Each structure stands twice: as structure tokens, then as C-alpha cells.
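Presented below is the structure to which this report refers.
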Amino acid sequence: MARSPLILVALISLIPLLCHSFSPETPTGRRILVLVDDLAVKSSQSLYFKSLSSRGYELDFKLADDPKIALQRYGQYLYDGLVLFCPTVERFGGSIDQAAILDFVDSGHDLIIAADVQSSDLIREIATECGADFDE
């Protein structure tokens with residue numbers, strides 16, 4: 001019985017921290033990895049990226065074939081969302097592949113894919129696994 005008041009005091013002391021962490025003024029869970037074919041996409045699609053940034057998302061731009069990219073480290077996801085603006089990529093760099101992206105989505109994270117009629121088979125397969133079909 002002596003431990004109950006101590007635990008209650010500890011939980012009460014965390015309430016301000018928990019309330020602050022979900023505040024709309026300080027968004028959490030907003031780190032987005034943006035993979036691009038060419039860094040010029042950052043400027044050509046600047047309106048879209050500015051709209052995300054203005055809503056509190058922190059964007060991390062990387063080339064899709066960068067050998068150092070990863071979605072997770074030590075079993076923890078580094079990002080809350082993934083944007084693929086790399087329709088022609090044949091193979092991702094680092095530890096990212098189709099299975100890693102599908103695991104990312106299956107674990108409850110967000111995915112946005114930009115694709116067109118000339119998209120690579122890799123991008124088409126990821127989209128198909130997520131429920132989007134491409135017409136030949």
C-alpha cells in the first residue's frame with residue numbers, strides 16, 4: 001500500500017508534460033522523409049512542400065538512391081511519414097527496399113507516392129501493395 005501514493009504522485013507530475021506533448025502549437029509525430037530522384041524536385045514542387053512545412057511538418061529531403069538512408073535505427077522508426085517523389089527509381093539506397101516501406105506502412109505510418117505513366121516497376125509494386133492499381 002505504501003507504493004500506491006508514490007505512483008500516483010509520479011503520474012500526476014507527468015500530466016503537464018503529457019498535455020503539452022499533444023498540443024497543436026507544438027506538433028509531435030511530424031517528421032517526414034521525402035525521397036526524390038533529383039533535388040530539383042524540392043523547388044519544382046515547392047508549393048506542396050511549403051504547405052506541409054506551414055502545417056508543422058519537418059521535412060527531411062534525401063536522394064532515393066542515397067546509400068545512407070534508413071527508415072529505422074535500433075528498431076525505432078526515425079520518421080512518421082514517407083513521401084516518394086521518385087517515380088523512376090529502380091532501387092532505393094541504404095536499408096530501404098519494398099519490404100521496408102510496406103512494413104513502415106503496416107506499422108501505422110503514412111505514405112504518399114507521386115507516380116505517372118513512366119513510373120518504375122518498383123514504385124508500381126509498392127503502390128499496388130498499398131491498394132492502388134495502374135492502368136497499362
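The model shown is predicted, which means the values in this text are computed figures rather than measured ones.
Note: Glu58 CD to Leu52 CG = 12.5 Å, rounded to the nearest 0.5 Å. In this structure, CD on Glu125 lies 5.0 Å from CD on Gln98, to the nearest 0.5 angstrom. Expressed to the nearest 0.5 Å, how far CG of Leu71 lies from OG of Ser107 amounts to 9.0 Å. Separating the OG atom in Ser95 from the CZ atom in Arg73 is a distance of 9.0 Å, to the nearest 0.5 Å.
Hydrophobic clustering, with ILVMFWY side chains joined whenever heavy atoms are under 4.5 angstrom apart, keeps Tyr79 apart from Tyr57. A continuous path of ILVMFWY side-chain contacts below 4.5 Å connects Val83 to Leu39, so both sit in one hydrophobic cluster. Hydrophobic clustering, with ILVMFWY side chains joined whenever heavy atoms are under 4.5 angstrom apart, groups Leu78 together with Leu111. Note on Leu84: it clusters hydrophobically with Ile69, by side-chain heavy-atom contacts below 4.5 Å among ILVMFWY residues. Following chains of ILVMFWY side-chain contacts shorter than 4.5 Å, one can reach Ile123 starting from Phe104, so the two form part of one hydrophobic cluster.
By the 4.5 Å heavy-atom criterion applied to side chains, Ile96 and Leu33 are counted as neighbours. Under the 4.5 Å side-chain criterion, counting only non-hydrogen atoms from C-beta, Leu35 is in contact with Cys86. In this structure, Pro87 and Asp37 have side chains that are in contact, with non-hydrogen atoms separated by less than 4.5 Å. Using a 4.5 Å heavy-atom cutoff, the side chains of Glu90 and Leu122 are not in contact. For the pair Leu82 and Asp110, the minimum side-chain heavy-atom distance is 4.5 Å or more. A heavy-atom distance below 4.5 Å is not found between the side chains of Ser119 and Thr88. Here the side chains of Val34 and Ile32 are in contact, with some heavy-atom distance below 4.5 Å.
Checked against Phe92 for a side-chain contact (heavy atoms from CB on, under 4.5 Å), the options Leu63, Asp65, Ile101 give a single hit: Ile101.
Checked against a 6.0 Å centroid threshold, the rings of Tyr77 and His109 count as neighbours.
Between Arg31 and Asp60 a salt bridge is recorded (basic side-chain N to carboxylate O distance below 4.0 Å).
The aromatic rings of Phe49 and Phe61 sit perpendicular to each other, their planes meeting at more than 60°, with 30° as the lower class boundary.
Here the closest non-hydrogen pair linking Leu59 and Ser53 is CD1-OG, 3.7 Å. Scanning both residues, Arg124 and Asp116, for their nearest heavy atoms gives NH2-O, 4.1 Å.
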